[in-house]
Structure formats: structure tokens, C-alpha cells
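In the text below, chain A, chain B and the rest are named by the order of the sequence lines, each starting its count at 1. As the structure is a computational prediction, the values presented were derived from the model and not from experiment.
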Protein chains: 2
Amino acid sequence: MKVLSFILDRYKNRSYDSFMHTCARLLLGPHTSSTNLLRTIHKESTISVTIKDIAKLANVSHTTVSRCLNDSPMISDKTKEKVLKIAEELQYEVNSNARSLSTKKTGIIGVIYQQGLEDFGSSAYINALFLELRHALETLQLDTILVEAINPDTLASNTVRLIKQQKVDGFLLVHQQITEEDNRMLQEYDIPAIQIHFKPEYLDITTMDYYLTDNDHGGYLATKHLLERGAHKILTIACSPNIGEEYGYRTEGYRRALTEYDISIDDSLIFEIECEYIAAYDFIHEHIELIKTCDGIFAQADILAAAFIAALKEHGINVPQDMKIVGYDDSFYSILVPPFITTIHQPREEIITKACNRILDLTRSDSVDKSIKEQELIKPYLIIRESS
Amino acid sequence: MKVLSFILDRYKNRSYDSFMHTCARLLLGPHTSSTNLLRTIHKESTISVTIKDIAKLANVSHTTVSRCLNDSPMISDKTKEKVLKIAEELQYEVNSNARSLSTKKTGIIGVIYQQGLEDFGSSAYINALFLELRHALETLQLDTILVEAINPDTLASNTVRLIKQQKVDGFLLVHQQITEEDNRMLQEYDIPAIQIHFKPEYLDITTMDYYLTDNDHGGYLATKHLLERGAHKILTIACSPNIGEEYGYRTEGYRRALTEYDISIDDSLIFEIECEYIAAYDFIHEHIELIKTCDGIFAQADILAAAFIAALKEHGINVPQDMKIVGYDDSFYSILVPPFITTIHQPREEIITKACNRILDLTRSDSVDKSIKEQELIKPYLIIRESS
DNA sequence: GTGAAAGCGCTAACAG
DNA sequence: CTGTTAGCGCTTTCAC
């Protein structure tokens with residue numbers, strides 16, 4: 001009956017249920033191994049080690065163990081060392097639910113994205129953004145719950161749900177659909193949230209933390225580069241749909257560069273087409289007469305630039321000799337086929353680093369003044385390749 | 001002092017700390033609104049409604065409320081209705097940490113992916129897989145924690161960590177790097193895990209639940225289609241690196257189809273190249289003499305097929321007239337430029353649906369016999385477009 | 001049917 | 001510096 005006393009000892013303060021399970025098991029046969037018995041007792045078969053287990057072995061109270069694990073300054077180095085060693089040996093990991101219940105912190109960040117992302121022209125960019133985001137949070141020891149803004153079944157806001165269920169400490173919002181209600185909840189529960197990449201559609205962004213890209217600057221850089229390379233008559237083609245007006249800003253930058261170079265703006269050189277290869281391809285054929293009078297194209301997405309180059313070739317117009325082209329996004333389209341495309345690299349690395357560090361500060365440290373918002377428009381940069 | 005009695009009442013059984021905060025606040029001024037006071041009391045400013053709040057309003061015990069919310073059969077319809085109505089009015093959401101601590105269930109699935117996914121040739125496919133996976137889990141009311149298999153800093157297994165921290169109920173493994181140790185932990189803690197898409201490298205897959213794609217069948221379908229379209233001498237080009245031998249199986253299927261059509265297999269028609277547009281493009285030019293003697297190509301990735309078509313055109317070889325081509329993956333490459341590419345659609349929708357339903361069963365219901373593994377090789381299908 | 005009380009594993013308050 | 005005790009919000013047992 002050594003096993004029984006072991007069980008009784010370990011489960012002294014545990015539930016009736018546990019005990020009954022044990023008894024049942026013992027009746028089934030005394031030859032079951034103690035590990036198996038332990039597993040049977042807890043319904044979920046968990047045999048996790050707790051701070052009490054450590055406490056017993058270290059001959060201290062569980063409070064002391066808790067303090068050691070949290071590196072409290074009020075514990076002597078000696079005890080700390082002893083306790084941590086045992087914890088290490090038992091491969092202890094904290095039960096995050098218990099800790100969260102007590103501290104109201106989960107160590108989890110909610111990353112909210114746009115539904116229907118699959119259909120995006122820019123999804124390659126966004127996907128890269130997610131993976132790098134995940135990676136950055138990982139190095140900061142934060143887990144992420146990734147969800148769509150709105151539950152497609154219930155149509156309820158996932159942001160609100162996650163707040164109320166207390167599953168996350170903060171949010172990174174990679175969509176522009178944040179609603180008034182979401183925002184109210186964030187305020188009310190004082191949950192930090194940072195807007196990334198997308199500008200909210202329904203909300204005054206000046207009230208939030210954000211890291212966005214400076215699309216105006218991107219358009220400016222692209223156009224200025226074309227001008228520097230000797231182009232005089234420059235077309236620009238934006239994409240529709242225009243999420244968060246990003247293309248609008250790029251066109252603004254285009255205008256700004258032209259003005260700077262004393263070139264009057266001709267609105268008939270500004271187009272907007274579907275963000276698809278075929279659409280771009282057709283565009284060239286349809287507007288070939290106009291295009292023949294131009295010497296530069298600022299394509300506001302790489303996929304357009306790639307199609308333009310291919311289509312122009314069929315008309316005997318060579319890039320970059322006869323026509324300089326700059327794309328946007330620095331996506332794989334820009335390095336798919338030679339000539340590789342000169343393009344604008346969106347500063348997603350910088351956005352991610354800043355946003356992750358900020359959310360860490362906001363969720364972990366009390367000394368941050370949350371009322372002072374961090375708001376940055378981060379500048380993209382030019383990558384010169386062969387198309388210009 | 002109405003406010004004070006309200007506070008005292010609500011915080012009767014709460015911490016000293018809470019109370020001190022309240023008192024401090026009251027000293028600051030009696031004009032602070034009670035909502036603000038409540039917010040101040042809890043350090044984290046949370047003013048969540050709990051089952052006790054509901055209980056008080058409904059004049060029942062919090063136990064009863066709990067039972068109602070969990071739709072227990074031992075509660076009368078009348079009480080249930082009353083309680084649920086109040087819960088609805090208060091916009092109650094369960095505190096998931098408290099529930100999890102008590103039930104050992106979190107409602108969260110860990111989705112584990114491969115590090116360095118960014119570099120994958122097939123990443124577009126995998127990205128689509130993730131988004132659809134997330135969507136499917138969402139409709140099943142499951143949240144997902146998305147992490148890399150291994151923490152890049154500590155090099156510790158995230159699978160093990162999530163198990164021990166009790167953050168997840170189960171895993172969907174979208175990588176092939178599961179280790180012996182991971183597996184041992186899964187067994188020991190009896191956590192369900194399903195292998196998706198990728199075949200594990202270090203582990204005997206026959207011991208796990210899995211839903212993979214039948215690459216052999218894909219290769220077979222592609223080749224058979226080419227044969228049916230009249231091709232006799234068919235090249236196949238696989239990609240390196242060969243993750244989980246997927247290309248090996250596709251080539252097997254290619255062989256099987258040829259054999260079925262009594263065509264002897266010529267190993268010099270089987271190639272392996274980098275999964276890149278340029279590599280494929282160059283391949284055509286380098287092997288143009290051989291290619292001229294062939295009438296069909298089974299390109300084991302759409303991106304290869306796209307490059308082949310472009311390169312062949314430069315040699316005056318038109319697709320599909322002079323050469324039939326079938327790609328693989330049904331990715332956006334296959335519909336980028338005409339002629340659109342006949343391709344093999346990977347059954348990711350079916351994989352996702354099955355895997356998500358299975359993980360739900362495995363984590364929610366006790367009646368499932370976990371020792372019987374669900375193991376399916378799901379068949380991809382052919383999408384006929386213009387290249388064949 | 002319902003409620004009182006205990007317990008999940010942890011942190012925090014307070015007393016030594 | 002350390003231990004005792006209470007409490008986080010929920011589920012579960014057991015008594016009525």
C-alpha cells in the first residue's frame with residue numbers, strides 16, 4: 001500500500017472526485033504504475049508540478065517559491081538558488097491560467113486582422129507582416145492569439161470578446177475596421193491597442209497609438225527617382241479598391257515630386273485600375289498611344305509594374321531604355337523576371353519592431369503614460385534595381 | 001455616502017488593496033462617478049461583471065448562475081431564463097482564466113508552424129492554409145495561438161511550453177519538425193495533436209492523427225491528363241528542397257500513370273530544380289533540344305509552369321498547341337498570365353474542415369477513443385484550364 | 001432544483 | 001527574509 005499513501009499524500013487537499021478516481025483505480029488492480037494512477041486521478045490526466053510540490057521539496061512555503069520564480073528582491077540568494085534548482089529539475093512551468101487569474105495579465109497579445117484577407121492583392125505583403133510580427137513577439141516572450149476582427153457567424157466583435165474574456169493584455173490591430181464600440185471597450189477596460197499599417201476607417205486615428213507607413217513619401221521617392229533618371233512625362237497607376245486611401249497618398253507624393261521639379265501636373269496621366277496582372281496588361285494595350293508619349297511610369301504596385309514591362313515589350317518598348325518604371329511593395333513580383341523592378345520597400349521591419357516594443361511597454365510596465373500616444377508615420381525607402 | 005455603501009457592498013469580500021484604493025479615491029473627492037471609482041479600485045481598471053453580480057440581481061446563488069450559463073439540465077427553465085436574461089443585459093462574458101483554472105480546458109488550439117516559413121517557395125499556399133484554418137476554427141468558437149515550433153532565442157520547444165503552461169487544449173501541427181520529446185509530452189499529458197499537410201521528419205507518423213495530401217495521386221492525375229490529351233513523351237520537373245518528400249510522391253504518381261499507359265519510364269525525363277521562376281526559365285533554354293522532342297510537361301509547381309510557358313514562347317513553342325503543360329498547387333501563378341495553367345488543386349479545404357472537426361471532438365468530448373487514430377491521405381483534384 | 005463550501009494554482013497583504 | 005492567509009472567478013461536490 002505504498003502507492004496508496006503516496007496518492008493520499010499528494011492528493012490530501014484535492015477534490016473528492018480525484019480521490020474517488022484513485023480508489024476506483026486501486027480496486028481495479030494494485031499493479032498499475034503510480035504514474036498511471038496519477039494520470040487517472042486527474043480527469044485531464046495532467047500531472048503538472050505546482051509550486052506546492054516545489055515548496056515541499058525545498059522545505060519552504062509555496063509563497064517563497066512564488067517569490068523566487070518571480071525573482072522577488074525580498075528573498076535571499078541562497079533560498080532562491082535552492083528553489084530555482086528544484087524548479088529546473090522538475091521542469092516546472094507556471095500554470096498560466098492560475099497566474100492570469102491572480103494577476104490579470106495573460107502574456108498574450110491579440111493580433112486582429114481583416115476578414116477576406118485572402119482576396120487582397122497585397123496579401124503577400126500582409127502575410128510577411130504577420131510572420132515577422134509573430135517572430136518579433138516570440139522573442140519578447142509574448143504569445144499571440146490571431147483572429148479576424150469580426151466573428152463571421154455571430155458577427156460579434158472579437159476584440160470585445162477577447163477583452164471581456166480576459167484572454168489578452170493588448171492588441172495589435174492590422175485592419176481598419178475598428179469600430180466605435182471596440183474603441184469604447186478598449187478605453188473602458190484600459191487595454192492598450194496599436195494600429196499597424198492600416199488606418200482605421202471609422203475612427204479618429206489621432207486618439208490612438210499607431211505605426212503606419214508614409215505612403216506620400218513613397219510616392220514622392222518613386223517619382224523623384226524617375227525624374228532623376230531623366231523622365232519628364234510620368235504616368236502613375238494606382239489600384240482600386242483603395243484601402244485606407246493608401247494609393248491616394250502615393251499619388252499625392254507623385255504630385256509633390258513633380259511640383260518640386262517644376263513640372264505641371266496633368267491629371268490625365270493619373271489612372272486607377274484593378275490590382276491584377278491582366279488588368280495591367282490590358283491597360284498598356286488600351287492606352288498605348290498615350291504611353292508612347294511618356295518616358296516613365298510609377299506603378300503603385302509591383303504586380304502592375306511586372307505586367308507593364310511584359311506588355312511594353314510586345315510593343316517594342318524596352319525597360320529601362322525606352323521607359324523607366326518604378327513599382328511599389330518590394331514583393332516577389334519585383335524579382336520574378338528580369339529586368340528586376342526598382343521599387344519602394346515598405347518599412348514593415350521598423351513598424352513591427354516599434355509596435356512590439358511599444359505594446360510590451362504598454363502591457364508590462366506601469367510607468368508608461370498611456371495618455372501620450374505614440375504616433376509614427378514611418379518612411380519607406382527606394383530599392384534601385386533594373387527597371388529604371 | 002450612497003457611493004460608499006455601494007462600493008463596500010460590492011467589495012465586501014475583496015482584497016484589502018481594493019478597499020484601500022477605494023478609500024483613497026473617496027478622500028480625493030466625493031464627486032468622482034461610481035464607475036470611475038470602480039475602475040480605480042481594481043488596479044487593472046477592470047470592471048468585469050462576474051457570476052456573483054448576476055447571482056445577486058437574480059436572487060440566486062452563483063452556483064446556479066454557473067449552471068445556467070453552462071446549460072445544466074438540473075436547473076428549471078424558469079430560473080435559466082431569468083438568469084440568462086440578466087447575463088445578456090449585463091453583457092456578461094466568462095472569465096476564461098477562471099474557467100480554465102477550474103476545468104483545465106482553455107478553448108484555445110495551438111497552431112504550430114515551421115520557422116523560416118517566409119523563405120518557402122510554397123508559402124503562398126501555406127499562408128492561404130493558415131487563414132482558412134483560422135477561419136474554420138473561428139466558426140467552431142476556438143481561439144488559436146499561433147507559434148513557431150521552436151523559440152528562436154531559447155531554442156526551447158513551444159509545444160512543450162504551451163502544454164506545461166496549460167495554454168492550449170490541443171495542437172494542429174503544420175510543420176514536420178515535431179520531436180520525440182514533443183511527442184512524449186503530448187502522450188504524457190494526453191493532449192491531442194493533429195499533423196496537417198506536412199509529414200513529420202523525426203517521428204513515426206503511423207502513431208499520430210493526420211490529414212495529408214495524396215501527392216502520388218496528384219502526380220498521377222496530372223500525368224494521366226497529359227496522356228489523355230495526346231502527349232506521349234512527358235517531362236516532369238520537381239522542386240528542391242523536397243520537404244517531406246512531397247515531390248518524390250508526385251514523381252511516383254507520374255511513373256504510375258505512364259506505366260498504366262504502357263509507356264516505359266525514361267529517368268532522363270525526370271528533373272529537379274530550384275523552385276524559382278528564373279531557374280525554370282533557364283532550365284528551358286538549357287534543355288531546349290530535349291524539350292523539342294517532348295510534347296508534355298508535368299511541372300510540379302505552378303511557378304515553374306508559368307516560367308516554362310514564357311520561356312517556350314521565346315523558342316516558338318506554343319502552349320498548349322505544341323506543348324501541353326500541367327502545374328501544381330492551383331496558386332495565383334496559374335492564373336497570372338494567359339494561357340491560364342491547368343493544375344492540381346491541393347485539397348486544403350477538406351484537410352482543414354476535417355482537422356478542425358477532429359480537434360474539436362478530441363478536445364471537447366470524452367466519448368472519443370483517442371487511441372484510434374484518424375489518418376487520411378486526401379486526394380487533390382485536377383483543374384483544367386488552358387495550358388493543356 | 002438549489003445553495004454552501006471547497007478547490008483549481010497562483011500572487012499579494014500582512015504579520016512576524 | 002519568510003510564512004500564513006485570503007482571494008482571483010469559476011466549477012464541482014455534497015447536503016438539503
Self-check item: N or O in side chain of A/S61 less than 4.0 angstrom from D/dG3 OP1/OP2
Solution: yes
Quiz item: Roughly, in whole Å, what's the span from CD in A/Q165 to P in D/dC8?
Solution: 20 Å
Quiz item: A/K80 side chain N/O closer than 4.0 Å to the phosphate oxygens (OP1, OP2) of D/dC1?
Solution: no
Exercise. For A/I108 and A/I145, work out which heavy atoms get closest and say how close.
Key: CG2-CG1, 3.6 Å
Quiz item: B/R99 has a side chain; which of C/dC10, D/dT11, D/dG9 sits nearest to it?
Solution: D/dT11
Quiz item: What's the CE-P distance between B/M74 and D/dA15, to the nearest Å?
Solution: 14 Å
Practice problem: Check every strand shown and say whether A/T79 touches a base, only sugar-phosphate, or nothing at a heavy-atom separation below 4.0 Å. | Solution: sugar-phosphate
Practice problem: Calculate the interatomic distance between B/K167 atom NZ and C/dC8 atom P; express it in whole Å. | Solution: 22 Å
Quiz item: Can you check the A/D53 CG to C/dC8 P distance for me, whole Å?
Solution: 11 Å
Quiz item: Does B/H62 get its side chain close enough to the base of D/dT11, under 3.5 Å, for a donor-acceptor pair?
Solution: yes
Exercise. Whole angstrom is fine here: how far is it from CG in A/N59 over to C1' in D/dG3?
Key: 13 Å
Quiz item: Which part of the nucleic acid, if any, lies within contact of B/S76, taking any heavy atom under 4.0 Å across all strands shown: a base, the sugar-phosphate backbone alone, or nothing?
Solution: sugar-phosphate
Quiz item: A/V94 has a side chain; which of C/dA4, C/dC10, D/dG3 sits nearest to it?
Solution: C/dC10
Quiz item: Between A/S66 and A/T63, does any side-chain donor sit less than 3.5 Å from a side-chain acceptor?
Solution: no
Quiz prompt | First encountered from the 5' end of DNA chain C, between B/V60 and B/A98 | solution = B/V60
Practice problem: Could you check whether B/I75 gets within reach of a base, just the sugar-phosphate, or nothing at all, counting any heavy atom under 4.0 Å? | Solution: sugar-phosphate
Quiz item: B/T64 side chain N/O closer than 4.0 Å to the phosphate oxygens (OP1, OP2) of C/dG3?
Solution: yes
Quiz item: Do A/L140 and A/R364 come within less than 4.5 Å of each other through their side chains, counting heavy atoms only?
Solution: no
Quiz item: Any side-chain donor-acceptor pair under 3.5 Å between B/N151 and A/E138?
Solution: yes
Quiz item: Could you state the CZ-P distance from B/R67 to C/dG1, rounded to the nearest angstrom?
Solution: 12 Å
Exercise. Please determine, by modelled atom types, if A/D182 and A/S157 share a side-chain donor-acceptor pair under 3.5 angstrom.
Key: yes
Quiz item: For the pair made of CG in B/N70 and P in C/dT2, what is the distance, rounded to whole Å?
Solution: 15 Å
Self-check item: Phosphate contact (C/dC10 OP1 or OP2) by A/Y92 side-chain N/O below 4.0 Å
Solution: yes
Self-check item: Nearest-nucleotide comparison on DNA chain D, the residue closer to the 5′ end among B/L101 and A/T63
Solution: A/T63
Exercise. Return the value, rounded to whole Å, for the distance between atom NZ of A/K82 and atom P of D/dT2.
Key: 8 Å
